[in-house]
Visitor: 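Before I ask anything, here is the structure I am working with.
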Amino acid sequence: MPAAFPSSPPDIPATPLTTEMRDALRAIVGQKGLIEDEHGKQPFVTDWRGLLVGGAGAIVRPGSTEEVSRVVRLCHEHGVAIVPQGGNTGLMGGATPWPAHTGIVLSLGRMNRILEVDPVGYSMTVEAGCVLQTLQETASAHDRFLPLSLGAQGSCMIGGNLSTNAGGVQVLRYGNARNLVLGLEVVLPNGEVWDGLRALKKDNTGYDLKHLFMGAEGTLGIITKAVLKLWPAPKDVCTAWLAVRDPRAALEILSEAHSASEDNVGSCELMSRSAIDMVLRHIPGTQDPLKADTSWYLLLEWSSARPRRDGTEGMSEKMEQFLADQLEAGRVRDAAIAHTVSQSRKMWRIREGVAEASRAEGPGLSYDVSVAISRIPEFIDLGLKAVLGILPTIRPYPLGHIGDGNLHFSFMGPLGMDQQTLTQYKGVITRAVNDLITSMGGSISAEHGIGIDKLDELSHYRSKTELDIMRTIKRALDPQNIMNPGKVLRL
Ligand SMILES: Cc1cc2nc3c(=O)[nH]c(=O)nc-3n(C[C@H](O)[C@H](O)[C@H](O)COP(=O)(O)OP(=O)(O)OC[C@H]3O[C@@H](n4cnc5c(N)ncnc54)[C@H](O)[C@@H]3O)c2cc1C
């Protein structure tokens with residue numbers, strides 16, 4: 001298994017688990033909540049991509065907030081480090097312990113109860129270990145909608161989603177994960193429980209503490225519960241697959257789609273032909289919705305909570321008219337509309353299959369960047385020139401949530417090149433991409449976070465003032481640096 005950790009590891013606490021501590025942990029979580037054998041630990045110390053394999057004294061799986069609090073208090077008393085983990089689908093190594101980690105991985109998977117659904121108040125109170133898809137289905141069973149949606153939704157957990165402030169394919173309309181939260185419960189690095197589990201839309205009582213923990217990637221505390229916002233369930237949905245002239249045309253289409261759909265654009269995903277071909281190669285059962293003479297495609301979805309009534313114009317009719325206009329304007333080369341839920345699912349499977357397909361394809365590089373929406377075409381153009389100038393045989397497959405200005409600027413390694421050789425180019429390519437995005441006023445991490453992978457990049461690109469504020473917050477809440485040490489920030 002290749003190791004892809006940065007060459008200079010940060011200082012992390014190295015207090016090992018003593019027999020006494022193991023016994024104390026077992027007394028809190030029971031035998032079923034403690035994994036100590038090497039084989040059992042493997043899935044928890046290996047990241048989703050299979051690129052990082054860390055170490056851990058034990059995996060601890062508490063079943064309640066009280067157990068989390070007692071475990072953290074114990075670790076705090078002994079200076080033992082903790083790596084919080086949800087579904088372990090993060091793509092930056094945030095949930096993977098460093099190889100030198102001697103403490104615990106604290107997995108939230110057993111805390112998977114839905115505590116309350118309030119359809120009238122449009123909210124839902126849940127434990128951190130609930131799988132995202134289960135929450136979507138529960139909301140739907142109550143005729144409500146939880147908009148957070150991403151390719152890993154069958155296994156990522158809400159605590160992980162909030163800790164990474166996940167994005168996904170509905171941000172355009174509903175915002176990213178932090179926008180979907182009313183309240184949180186968090187276990188702090190000293191074991192104290194902060195009860196901010198309030199279902200209030202308005203609450204201007206000093207600093208809004210919940211936002212500290214969202215996007216903190218488990219470095220400031222452990223999210224144990226959340227109150228999530230819900231929306232009316234979509235009743236009339238139209239999904240379309242468009243072959244578009246180029247990224248500029250894709251942006252113009254999106255810009256016009258807002259009024260044409262009467263403000264009902266839900267998703268707008270740009271995909272390159274090479275990304276689609278990669279999915280078709282590796283994900284069984286996927287079919288190409290459309291082949292046209294272009295390198296760029298758009299997955300466009302409109303949805304309305306208003307049920308479609310006979311004799312009235314619904315989303316499909318509006319979409320048909322819109323696509324005809326866009327064909328005439330030369331922005332769209334060809335298009336297919338999904339007429340059934342199953343056809344729509346098949347289109348979405350292609351978009352959602354990209355991460356899985358890229359893992360199957362072999363070594364690659366991927367940059368999750370954002371820039372002002374109107375500058376996306378310019379970034380793609382300049383970025384491709386820069387990267388191909390360094391390694392002409394690298395194979396780009398850009399795609400992205402273009403309505404959010406978020407591009408996954410991704411590359412498969414040249415055919416036949418192994419991971420180790422590709423890694424030799426990684427530093428220079430990363431610097432070129434990140435310098436470019438920064439010079440254009442963009443961000444080096446749009447939605448995946450920092451974790452281990454971008455630790456050095458964050459300290460390179462963020463100002464001393466910003467880094468100082470972040471370190472001050474970290475030191476105030478976690479003076480011993482036991483909570484997910486060596487992630488996000490070098491102290
Ligand atoms: C196929 C695929 C598609 C994806 N698509 C997207 C996408 O469209 N948009 C997007 O933003 N991301 C995407 N991701 C990345 C990933 O799914 C998200 O980052 C997700 O939110 C992580 O959730 P998780 O439960 O797996 O968290 P983990 O990977 O377990 O953890 C992620 C981070 O959060 C911390 N953490 C986890 N749980 C807690 C908790 N309860 N309290 C405190 N800290 C915690 C961990 O320490 C770690 O730093 C994708 C990943 C895959 C594999």
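What you see is a predicted model; the values in this text were computed from it and never measured. In each ligand, atom 1 is the first atom listed, and ligand 1 is the first ligand listed. Quick note: numbers below take in every heavy atom, side chains included, and nothing from hydrogens, waters or symmetry partners.
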Visitor: Tell me whether Arg345 at atom CZ has more than 12 heavy atoms from other residues, nucleotides or ligands lying less than 6.0 Å away.
Guide: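 Yes, CZ of Arg345 has more than 12 neighbouring heavy atoms, counting only those of other groups under 6.0 Å.
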Visitor: Considering only heavy atoms from C-beta outward, does the side chain of Leu407 approach that of Ile380 to under 4.5 Å?
Guide: yes
Visitor: Run the numbers for me: atoms of ligand 1, each under 4.0 Å from some heavy atom of Ala355, listed by number.
Guide: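 Once the distances to Ala355 are compared, the set is 1 (C), 2 (C).
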Visitor: Let me see the working for Asp203 and Lys210 under salt bridge (charged side-chain N to carboxylate O under 4.0 Å, His left out), right down to the final yes or no.
Guide: CA-CA 12 Å; Asp203 181 18; Lys210 64 180 180 291; over 6 Å; no
Visitor: Quick test: of every protein heavy atom, which one is nearest to atom 3 (C) of ligand 1, and how far off is it to 0.1 Å?
Guide: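 The closest one turns out to be Ala152 N, 3.6 Å.
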Visitor: What's the shortest distance from atom 49 (O) of ligand 1 to any protein heavy atom, and which residue and atom give it?
Guide: Glu217 O, 3.0 Å
Visitor: Identify the protein heavy atom lying closest to atom 24 (P) of ligand 1, giving its residue, its atom name and the separation to 0.1 Å.
Guide: Gly87 N, 3.5 Å
Visitor: Note the single closest protein heavy atom to atom 50 (C) of ligand 1, along with its residue, its atom name and the distance in Å.
Guide: Leu91 CD1, 3.8 Å
Visitor: Which residue owns the protein heavy atom closest to atom 51 (C) of ligand 1, what's the atom, and how far is it?
Guide: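 The closest heavy atom on the protein side is Thr89 O, 3.4 Å.
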Visitor: To which of Asp368, Val169, Leu150 does the heavy atom nearest atom 5 (N) of ligand 1 belong?
Guide: Leu150
Visitor: Answer yes or no: does an N/O atom from Glu356 fall short of 3.5 Å to an N/O atom of ligand 1?
Guide: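 No - when backbone and side-chain N and O of Glu356 are compared with those of ligand 1, no distance drops under 3.5 Å.
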Visitor: Is Gly90 close to ligand 1, meaning an N/O of one under 3.5 Å from an N/O of the other?
Guide: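 Between Gly90 and ligand 1, an N or O pair is found under 3.5 Å apart.
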Visitor: At what distance is the nearest protein heavy atom to atom 47 (O) of ligand 1, and which residue and atom is it?
Guide: Pro84 O, 2.6 Å
Visitor: Where's the contact between Thr224 and ligand 1, heavy-atom distance under 4.0 Å: side chain, backbone, both or neither?
Guide: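 For Thr224, no heavy atom sits under 4.0 Å from ligand 1.
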Visitor: Which residue owns the protein heavy atom closest to atom 33 (C) of ligand 1, what's the atom, and how far is it?
Guide: Thr164 CG2, 3.6 Å
Visitor: Considering distance alone, does some N or O of Trp48 sit under 3.5 Å from an N or O of ligand 1?
Guide: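 Not met; the criterion fails.
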Visitor: Could you list the atoms of ligand 1 found under 4.0 angstrom from a heavy atom of Asn484?
Guide: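 In order of numbering, the contacting atoms are 47 (O), 49 (O).
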Visitor: Return a yes/no value for Gln85: is any of its N or O atoms, backbone included, closer than 3.5 angstrom to an N or O of ligand 1?
Guide: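 N/O-N/O distance below 3.5 Å does not exist for this pair.
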Visitor: How far is atom 40 (C) of ligand 1 from its nearest protein heavy atom, and which residue and atom is that?
Guide: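 For atom 40 (C) of ligand 1, the nearest protein heavy atom is Ser163 OG, 3.6 Å.
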Visitor: Counting heavy atoms only, which part of Ala166 comes closer than 4.0 Å to ligand 1: side chain, backbone, both or neither?
Guide: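 It is both parts that get close, each with some atom under 4.0 Å.
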Visitor: Using distance alone, determine whether Gly86 and ligand 1 share an N or O pair under 3.5 Å.
Guide: yes
Visitor: Please could you name the atoms of ligand 1 that Gly94 approaches to less than 4.0 Å, counting only its heavy atoms?
Guide: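 In order of number, 47 (O), 48 (C), 49 (O).
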Visitor: Do Glu457 and Asn434 meet the criterion of a side-chain donor-acceptor pair at a distance under 3.5 Å?
Guide: yes
Visitor: For atom 13 (C) of ligand 1, which candidate among His448, Arg49, Met157 holds the nearest heavy atom?
Guide: His448
Visitor: For Ile223, which part has a heavy atom under 4.0 Å from ligand 1: side chain, backbone, both, or neither?
Guide: both
